[in-house]
Asker: 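Have a look at this one.
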Amino acid sequence: DRGCYFGRGVMVGDIETFKAAIAKILPFAMKAKTQMLAAKTTRARKTCPECGGTVHFAIGGPRNHLHMACETAGCIMRMME
């Protein structure tokens with residue numbers, strides 16, 4: 001099992017690993033975005049629930065797109081909305 005790797009817009013690995021990763025990432029990201037919009041902030045940091053590192057968040061653009069990434073190399077907590 002090669003697991004799942006997200007990089008340069010490519011997902012390598014099996015679909016079940018991908019689904020499991022998304023099931024962790026999406027709720028965490030959407031909760032953070034909701035909190036950021038309520039606080040009227042465009043930048044934030046939170047402790048990563050996956051590895052304990054720091055996840056950096058940014059909301060940008062006219063449609064308030066969320067960008068997030070954990071600073072720990074190889075951690076799955078990263079996405080762009």
Side-chain angles (χ1 to χ4, degrees):
D1 179 8
R2 295 185 335 176
C4 194
Y5 170 75
F6 304 92
R8 298 180 189 233
V10 177
M11 193 277 296
V12 177
D14 65 85
I15 193 69
E16 294 308 317
T17 302
F18 175 77
K19 287 179 183 177
I22 292 299
K24 293 178 184 178
I25 297 166
L26 209 51
F28 179 69
M30 293 300 96
K31 182 177 180 182
K33 181 178 180 179
T34 300
Q35 292 170 338
M36 290 171 69
L37 291 173
K40 297 183 183 343
T41 186
T42 59
R43 305 235 182 251
R45 290 178 293 176
K46 289 183 137 231
T47 300
C48 180
E50 191 67 17
C51 73
T54 301
V55 179
H56 297 263
F57 299 88
I59 293 178
R63 295 186 177 174
N64 291 327
H65 288 275
L66 178 71
H67 299 254
M68 67 171 249
C70 182
E71 63 187 15
T72 304
C75 182
I76 64 168
M77 285 295 166
R78 58 185 63 240
M79 71 168 252
M80 288 192 319
E81 181 184 38

Asker: Ignoring hydrogens, what is the shortest heavy-atom contact between Thr72 and Gly53? Give both atom names and the distance.
Answerer: OG1-CA, 3.8 Å

Asker: Are the side chain of His65 and the backbone N or O of Glu81 linked by a donor-acceptor pair below 3.5 Å?
Answerer: yes

Asker: How many angstroms lie between atom NZ of Lys33 and atom CG of Leu66, to the nearest 0.5 angstrom?
Answerer: 6.5 Å

Asker: Drop me the distance from Lys46's NZ to Lys31's NZ, to the nearest 0.5 angstrom.
Answerer: 5.5 Å

Asker: Side chains of Pro49 and Met77: does their closest heavy-atom pair fall under 4.5 Å?
Answerer: yes

Asker: Report, as yes or no, whether the 6.0 Å neighbourhood of atom CE on Met30 holds more than 12 heavy atoms from other residues, nucleotides or ligands.
Answerer: yes

Asker: Within this structure, what is the NE2-CZ distance for the pair His56 and Arg43, rounded to the nearest 0.5 Å?
Answerer: 11.0 Å

Asker: Determine the minimum heavy-atom distance between Cys48 and Val55, stating which atoms define it.
Answerer: CB-CG2, 3.5 Å

Asker: Do Ile25 and Met68 come close enough that some side-chain heavy atom pair is under 4.5 Å?
Answerer: yes

Asker: If you round to the nearest 0.5 Å, how far is OG1 of Thr42 from CG of Leu37?
Answerer: 10.0 Å

Asker: Applying side chain to side chain contact (heavy atoms under 4.5 Å, CB included), run through Met79 and Leu26 and close with a yes or a no.
Answerer: CA-CA 9 Å; Met79 71 168 252; Leu26 209 51; 4.2 Å; yes

